[in-house]
Visitor: 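Have a look at this one before I ask anything.
Just so you know, these numbers use all the heavy atoms, side chains as well, and skip hydrogens, waters and symmetry mates. Chain identifiers are assigned alphabetically (A, B, ...) following the order of the sequence lines, protein sequences preceding nucleic acid strands; residue numbering begins at 1 within each chain.
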2 protein chains.
Amino acid sequence: MVARSANVSRVAVSRAFNPHTSLKPEKRALILKVAEELNYTPDRAARALVSGRSHLVGVIVPDVCSPWESQEIDALTTALQNEGFATLLFKTRTDLSMDATLLTYMKGFNPDAVIAFVENVKPTILAGVLDRAVPIYVHYPRETEAGFDRPDADGPLYDRLNVLQYAGIEQAVALMQGYGAKRLAYLTGVYRSGASTAREDTLRKVMADRGLGEPIMVVGDFTYDTAYAATVDLFRVGDGADAVFAANDVGAFGVIDALRHELKLRVPEDVKVVGFDDIEQSHWKSYNLTTVKIDLDERVRALVRLILRRLSKPSAGALEETVQTRLVVRGTVG
Amino acid sequence: MVARSANVSRVAVSRAFNPHTSLKPEKRALILKVAEELNYTPDRAARALVSGRSHLVGVIVPDVCSPWESQEIDALTTALQNEGFATLLFKTRTDLSMDATLLTYMKGFNPDAVIAFVENVKPTILAGVLDRAVPIYVHYPRETEAGFDRPDADGPLYDRLNVLQYAGIEQAVALMQGYGAKRLAYLTGVYRSGASTAREDTLRKVMADRGLGEPIMVVGDFTYDTAYAATVDLFRVGDGADAVFAANDVGAFGVIDALRHELKLRVPEDVKVVGFDDIEQSHWKSYNLTTVKIDLDERVRALVRLILRRLSKPSAGALEETVQTRLVVRGTVG
DNA sequence: TTGTAAGCGTTATCAT
DNA sequence: ATGATAACGCTTACAA
């Protein structure tokens with residue numbers, strides 16, 4: 001240990017770098033000064049070994065490059081960095097399944113917490129593999145106007161972030177209906193995605209309440225290309241629709257482009273389109289998309305709060321945070 | 001150590017997990033089986049302490065959420081994961097400067113290598129702070145038709161990836177000129193960005209060679225909104241242009257939208273537009289952008305090769321890889 | 001092939 | 001307020 005030889009003794013250095021330890025201020029200052037000159041930084045691996053805290057947060061995503069994910073990772077990384085953590089990124093295979101291999105692989109890095117944006121894994125499996133790290137789920141509970149369901153009577157069984165979609169979807173449907181839409185289609189996300197099925201459930205409820213019947217189902221997978229092709233199908237093979245509600249913004253872009261460039265229909269005059277997420281690209285003039293916004297900053301703050309609370313009280317009961325959605329009105333409904 | 005109590009002795013477990021050690025096959029198999037049952041994984045922090053290899057690769061970016069960066073991070077994470085590494089993500093402040101604080105912070109995590117996509121930091125500084133990790137630069141050398149300059153006579157001074165832009169830019173200018181463009185504007189990237197200034201230099205050279213004079217300079221910063229506003233300015237306050245070459249695709253989208261939606265000009269009939277990068281969004285029908293492509297997979301493979309070669313031979317001279325660019329022709333020139 | 005012992009850089013405990 | 005010592009979980013000599 002360099003700093004020590006240049007200076008005084010051993011553990012003093014450790015104390016100098018830990019705020020809540022007793023050390024004469026002048027001594028601390030001296031040590032920090034020498035440390036800086038010697039370009040010394042405490043080794044977090046060694047620290048992790050004894051403290052049990054790696055200050056690493058594992059983030060598992062299927063696609064870093066989809067705009068919503070990347071914007072979330074961006075915000076999350078910033079927030080974690082401010083709290084002294086670093087983001088450790090892992091990608092699932094294309095099939096969205098988070099297999100045991102990846103989990104085991106990640107476990108080796110000893111993350112303090114794991115945020116799973118992938119839904120196709122049972123909480124029990126994640127918790128089983130990662131004995132040390134605490135997993136956090138993004139959950140889309142079933143809702144009504146009155147509030148949201150709790151499948152587990154006494155609070156959640158795992159730490160989770162509830163995303164409440166009712167308000168935003170209700171507003172979206174109301175707007176489309178207000179502009180005369182009667183035959184409403186829903187473009188799904190990827191097969192069995194929790195986010196997409198929750199959106200579908202809520203949409204069905206809202207539409208039924210408003211006398212709009214059932215949505216016309218269009219199968220997508222959150223990507224542009226699939227949305228584009230599915231929309232062409234809907235109008236060429238199927239009976240079309242006068243409004244399309246997409247499970248995410250990128251899908252909505254595919255719908256709009258298929259409508260305008262392939263089917264020569266006007267948006268919003270002939271067909272209205274609403275998306276979900278409100279990503280950066282949604283305000284681009286070519287799309288100018290009306291969409292249900294999830295407040296990213298709020299969502300990320302909630303996530304970070306969850307992590308910090310859990311780490312400061314490892315034995316606490318399951319934690320929970322809740323964020324809302326709301327409609328952002330732009331130019332694709334009118 | 002759990003696995004040991006359940007089984008036989010101590011170091012045997014370590015050997016079981018390291019392929020190139022001598023251990024009776026049946027014993028290894030037994031240990032691995034027991035380990036799996038006990039959900040045991042070797043602790044990489046502890047391993048890093050003694051081996052000096054953390055298997056962490058630090059990636060520093062200004063914006064995870066810009067499409068190009070996120071696509072690169074995505075590909076890189078996949079590639080690193082396949083080689084037994086994990087991506088450790090760090091974000092610079094908005095001003096693009098990579099201050100010593102961040103570097104020191106990162107150093108604490110002991111990455112084996114660092115990829116700096118940020119350009120506003122001197123190689124000497126990076127190398128000085130990160131004594132253990134090897135930094136890798138993305139470099140845009142000055143080029144002519146004949147080849148590219150080496151500012152350093154005997155190969156590079158630091159490991160780096162050279163991105164050769166001449167071919168792609170030459171093709172782009174030829175295409176625009178071929179369709180009758182005479183007054184060509186260049187939309188820059190962010191102030192003092194190496195990528196942007198290298199593109200500008202090459203563009204000037206190519207234009208001069210083709211008798212097109214100097215480009216009309218339009219100041220951007222790689223973002224959509226700035227590109228949009230700058231384009232409106234160029235045509236409302238300035239004298240316009242009949243072709244715009246943007247330093248990146250997102251900027252090109254801003255140009256196109258300003259042209260079409262604000263200035264009521266047609267692309268490509270009235271103004272031709274070319275971008276740079278070929279991101280996923282560039283083939284979206286609303287833009288259908290003609291652009292200079294950097295082959296992402298090739299680029300990422302080169303980066304990973306650089307890392308692996310450096311780690312396997314820490315004392316080797318400075319390493320170098322080179323990737324090309326080429327024009328992808330779509331619908332914004334014609 | 002296998003086990004023993006030492007040590008990687010840090011912090012917690014117990015002294016002083 | 002400060003120092004000595006042990007321990008965190010692992011790997012790499014060296015010895016058997």
Visitor: Which part of the nucleic acid, if any, lies within reach of A:T41 when heavy atoms closer than 4.0 Å are counted: base, sugar-phosphate only, or nothing?
Guide: sugar-phosphate
Visitor: Looking at D:dT11, C:dT11, D:dG9, which one has an atom nearest to any side-chain atom of B:V11?
Guide: D:dT11
Visitor: Output the rounded distance in Å from CG (A:L23) to P (D:dT2).
Guide: 5 Å
Visitor: Is the NZ or CZ atom of B:R160 both under 6.0 Å from the centre of the six-membered ring of B:Y137 and within 45° of that ring's axis?
Guide: no
Visitor: Could you please name the option among D:dT2, C:dT10, C:dG7 that lies closest to any side-chain atom of B:V50?
Guide: C:dG7
Visitor: Identify, between A:L49 and B:R47, the residue whose nearest nucleotide on DNA chain D lies closer to the 5' end.
Guide: A:L49
Visitor: Rounded to whole Å, how long is the line connecting atom CZ of A:R28 with atom P of D:dG3?
Guide: 13 Å
Visitor: Could you tell me how far apart A:R44 (CZ) and C:dT11 (P) are, to the nearest whole angstrom?
Guide: 10 Å
Visitor: Identify, with sequence neighbours excluded, every residue that meets salt bridge (Lys or Arg N to Asp or Glu O under 4.0 Å) alongside B:R305.
Guide: B:E321
Visitor: Go through C:dG9, D:dG9, D:dT2 for me and flag the one nearest to the A:D43 side chain.
Guide: C:dG9
Visitor: Between the protein and nucleotides 14-16 of chain C, are there any N/O to N/O pairs under 3.5 Å, and if so, what are the atom names and distances?
Guide:
none

Visitor: Round to a whole Å and report the spacing from OH of A:Y40 to P of C:dC8.
Guide: 14 Å
Visitor: Please identify each residue that fulfils side chain to side chain contact (heavy atoms under 4.5 Å, CB included) with B:D221, with sequence neighbours left out.
Guide: B:V190, B:T223, B:T226
Visitor: With sequence neighbours excluded, what pairs up with B:F85 under the ring pair (Phe, Tyr, Trp, His ring centres under 6.0 Å) test?
Guide: B:H55
Visitor: Compile the donor-acceptor pairs under 3.5 Å between side chains in residues 295-302 of chain B and protein atoms, sequence neighbours left out, one pair per line.
Guide:
{"residue": "B:D295", "atom": "OD1", "partner": "B:D297", "partner atom": "N", "Å": "3.1"}
{"residue": "B:D295", "atom": "OD1", "partner": "B:E298", "partner atom": "N", "Å": "3.1"}
{"residue": "B:R299", "atom": "NE", "partner": "B:E72", "partner atom": "OE2", "Å": "2.7"}
{"residue": "B:R299", "atom": "NH2", "partner": "B:E72", "partner atom": "OE1", "Å": "3.3"}

Visitor: If each of B:A12 and A:N18 is mapped to the nucleotide of DNA chain C with the nearest heavy atom, which maps nearer the 5' terminus, i.e. the 5' end?
Guide: B:A12
Visitor: What's the CD1-C1' distance between A:I31 and C:dT10, to the nearest Å?
Guide: 15 Å
Visitor: From CG of A:L30 over to P of D:dA1, roughly how many Å is that when rounded to an integer?
Guide: 17 Å
Visitor: Test ring-ring contact (aromatic ring centres under 6.0 Å, His included) on B:F17 and B:Y40 and set out the steps.
Guide: CA-CA 11 Å; B:F17 279 92; B:Y40 163 85; 5.6 Å; yes
Visitor: Measure the distance from NZ on B:K107 to C1' on C:dG9 and round it to the nearest whole Å.
Guide: 13 Å
Visitor: Is the phosphate of D:dT11 approached by B:S51 (side-chain N or O, under 4.0 Å from OP1 or OP2)?
Guide: no
Visitor: According to salt bridge (Lys or Arg N to Asp or Glu O under 4.0 Å), who are the partners of B:E26, at least two apart in sequence or on a separate chain?
Guide: none
